[in-house]
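The next block holds one structure in the form of structure tokens; read it before the comments.
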Amino acid sequence: MTVENQALGNCPFCNARVPKHQAIIKFETNGEQRVFAECPECGEVVDPDSAG
């Protein structure tokens, strides 16, 4: 498994990679999976951009 596969995406504030183990909550809304995680760089709780 590569590091890319272990990340949720990028922080929208500082653009750091947010690893999967930083996830705080996972849920589904309108049939879509959502995840909020703590950014390891800036410490903000974010909805990582998985496209990044």
Side-chain angles (χ1 to χ4, degrees):
M1 191 180 258
T2 65
V3 173
E4 176 117 359
N5 288 338
Q6 295 175 358
L8 295 171
N10 291 344
C11 173
F13 297 106
C14 70
N15 204 36
R17 296 295 288 166
V18 179
K20 286 184 178 180
H21 71 269
Q22 293 293 116
I24 297 170
I25 186 169
K26 297 177 185 180
F27 61 98
E28 187 174 311
T29 182
N30 296 327
E32 183 179 314
Q33 281 278 342
R34 302 292 303 269
V35 177
F36 283 90
E38 182 179 357
C39 175
E41 294 294 320
C42 67
E44 293 291 328
V45 175
V46 298
D47 180 5
D49 174 14
S50 59

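- Contact record, P19 with P40: CD-CG, 3.9 Å, taken as the closest heavy-atom pair.
- Taken from CD in E41 to CG in N15, the straight-line distance is 10.5 Å, to the nearest 0.5 Å.
- E38 places no side-chain N or O within donor-acceptor distance of the main-chain N or O of Q22, the cut-off being under 3.5 Å.
- Here L8 contributes atom CG and D47 contributes atom CG; the two are 9.5 Å apart, rounded to the nearest 0.5 Å.
- Hydrophobic clustering, with ILVMFWY side chains joined whenever heavy atoms are under 4.5 angstrom apart, groups V18 together with F13.
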